[in-house]
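Step one of this worksheet: look at the structure below.
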2 protein chains.
Amino acid sequence: MDAELYLQRAASHCTAQGSRLTPLRRKILQLALAQSGLVKAYQLLHCLQAERGLDNGVVAPPTIYRALDFLVAHGFLHRVDALNAYVVCPHFACEHDGIMLVCDHCGQVQEVDATHSLGSLWQQCHQHGFQPHQRDLVLTGTCQQCQTA
Amino acid sequence: MDAELYLQRAASHCTAQGSRLTPLRRKILQLALAQSGLVKAYQLLHCLQAERGLDNGVVAPPTIYRALDFLVAHGFLHRVDALNAYVVCPHFACEHDGIMLVCDHCGQVQEVDATHSLGSLWQQCHQHGFQPHQRDLVLTGTCQQCQTA
DNA sequence: GCCAGAAATGTTATACAATATCATTTTGAT
DNA sequence: ATCAAAATGATATTGTATAACATTTCTGGC
């Protein structure tokens, strides 16, 4: 994934809807993009701390979590509850009914369109008067490579 | 749900497959059954500690987590990742393709059969060589009552 | 019954995850 | 320029979970 392009499009997306991709948020999104798969909050914390150097103050957890909340709320990241982790969402702008298949062995993420099965799933929820919070579904499991290995 | 009956059936289920519902595990399952919806690990910790009294030693987290792991592995509980919580599974023996709709406002849980939509979901996973860990799906959201309220 | 290995539990300590609270700075609108 | 809102900094604390090792309990073979 081309990080620079992604960041540019993310910035446009934000301004278009009146929210702000501040330097801090941008930086953290950039760090997340540098990962190939899962990103963890405290990992970002350490990265950011390292970048700032020892003299430039300490990065505290709320700094990270606030940025992550923003990025998730705006669709740039998905949270993987089962692993207390996050993954970049490659197509934040489109309306996508997708599933993200997260391998909890190697951390790789595979995206799959699932308009059909998810459609009937959400429909079923609504039939029971239930308003699900998630639009996309994040599933954990074992990917092909890790099964054979 | 009749807790005594449930515990009896759970015990049978365990012996039938050569695993042991020990007094500790049984106790924790019983505590979980006493809740109407979500149960949290440290809540169980405090309950168990209270039951044992102050003189009978201290209950430590691993005691709880090991029991919870067992109960989840054997299908008596489901873990709700999004909330770091657990819910009792009312029908552990049946092969059930169900979704559990967990209201993160009031904690109530609603079970819905979703053989169709889940079937196509799991099928899609396998088509991509992905082996999901979950059989049931646990979704968080807002229930009907909490929407109107 | 007795013993050896396995399973379960106890114990201590620590790592990881997340939030509450309040102070300070930056931003955008008037 | 000023004010209010948004964002960030800073401090402290709570909640969640596991590692590592000791001890006890159970089980099957003798």
Side-chain angles (χ1 to χ4, degrees), chain A residues 10-11 14-29 31-32 38-49 51-74 76-87 104 107 140, chain B residues 10-11 14-15 17-29 31-32 38-49 51-74 76-77 79-87 104 107 140:
Chain A
C14 281
T15 48
Q17 62 175 59
S19 59
R20 295 158 52 203
L21 187 64
T22 63
L24 178 64
R25 291 165 176 170
R26 193 190 137 93
K27 177 89 243 167
I28 288 180
L29 181 51
L31 288 170
L38 293 168
V39 212
K40 311 229 31 170
Y42 273 66
Q43 174 190 1
L44 291 170
L45 187 64
H46 297 319
C47 288
L48 191 55
Q49 181 66 72
E51 289 218 352
R52 288 198 182 178
L54 301 112
D55 311 329
N56 266 326
V58 180
V59 182
T63 302
I64 303 296
Y65 283 104
R66 282 191 285 233
L68 287 174
D69 286 348
F70 174 89
L71 296 171
V72 167
H74 288 75
F76 304 127
L77 298 181
H78 288 301
R79 183 177 154 77
V80 186
D81 290 319
L83 306 173
N84 295 329
Y86 301 83
V87 290
D104 58 9
T140 53
Chain B
C14 282
T15 48
Q17 61 175 60
S19 58
R20 294 159 52 205
L21 187 65
T22 63
L24 178 64
R25 292 166 176 168
R26 191 189 138 94
K27 177 90 243 165
I28 289 181
L29 181 51
L31 288 170
L38 293 168
V39 212
K40 310 231 28 171
Y42 275 67
Q43 174 189 2
L44 292 169
L45 187 64
H46 297 317
C47 289
L48 192 55
Q49 182 65 72
E51 288 219 351
R52 288 196 181 177
L54 300 114
D55 311 329
N56 266 327
V58 180
V59 182
T63 302
I64 303 295
Y65 283 103
R66 282 191 285 233
L68 287 174
D69 286 348
F70 175 89
L71 296 171
V72 167
H74 288 75
F76 303 127
L77 298 181
R79 184 177 153 75
V80 186
D81 290 319
L83 306 173
N84 295 328
Y86 301 82
V87 290
D104 59 9
T140 53

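Heavy atoms only: backbone and side chains are in, while hydrogens, waters and symmetry mates are out. To find a chain, count down the sequence lines: A is the first, B the second, and so on, and within it residues start at 1.
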Should the pair Phe76(A) and His74(A) be assigned to parallel (<30°), tilted (30 to 60°) or perpendicular (>60°) ring geometry? parallel

With B for base contact, S for sugar-phosphate-only contact and - for none (protein heavy atoms under 4.0 Å), nucleotides 3-9 of chain C reads ----SSB

From CZ of Arg26(A) over to P of dA7(D), roughly how many Å is that when rounded to an integer? 17 Å

Grab the two heavy atoms, one from Leu29(A) and one from Ala10(A), that are nearest each other, plus how far apart they are. CD2-CB, 4.1 Å

Smallest heavy-atom separation, Leu44(B) atom then Ala32(B) atom, equals CD2-N, 4.2 Å

Any base atoms under 4.0 Å from Val59(A), or only sugar-phosphate, or nothing? Heavy atoms, all strands. nothing

Between dA6(D) (P) and His74(A) (NE2): distance, integer Å: 12 Å

Of all heavy-atom pairs between Asn84(A) and Arg79(A), which one has the smallest distance, and what is that distance? OD1-NH2, 3.1 Å

For dG15(D), take OP1 and OP2 only and decide whether either is under 4.0 Å from a side-chain N or O of Lys40(B). no

Mind checking the CG-CG spacing from Asp81(A) to Asp81(B)? Nearest 0.5 Å is all I need. 6.5 Å

Rounded to whole angstrom units, what separation is found between the CD1 atom of Ile64(A) and the C1' atom of dA7(D)? 14 Å

Roughly how many Å is it from NZ in Lys27(A) to C1' in dT8(D), rounded to a whole number? 17 Å

Whole angstroms only, please: what is the CG-P distance between Leu83(B) and dA17(C)? 18 Å

Expressed as a whole number of angstroms, how long is the span from Leu45(B):CG to dT12(C):C1'? 14 Å

Has the side chain of Lys27(A) got a donor or acceptor atom that lies under 3.5 Å from a matching backbone atom of Thr22(A)? no

Tell me whether the OP1 or OP2 atom of dC16(C) has a side-chain N or O from Asn84(A) closer than 4.0 Å. no

Can you tell me the distance, in whole Å, between the CD atom of Gln43(B) and the P atom of dT14(D)? 19 Å

Nearest to the side chain of Ala60(A), which nucleotide is it out of dT11(D), dT18(D), dT16(D)? dT11(D)

Can you give me the closest heavy-atom contact between Leu31(A) and Leu48(A), atom names plus distance? CD1-N, 4.2 Å

Whole Å only: how far is the CG atom of Leu44(A) from the P atom of dT8(D)? 15 Å

Record whether the side chain of Tyr65(B) comes under 3.5 Å of the base of dA17(D) through a donor-acceptor pair of N or O atoms. no

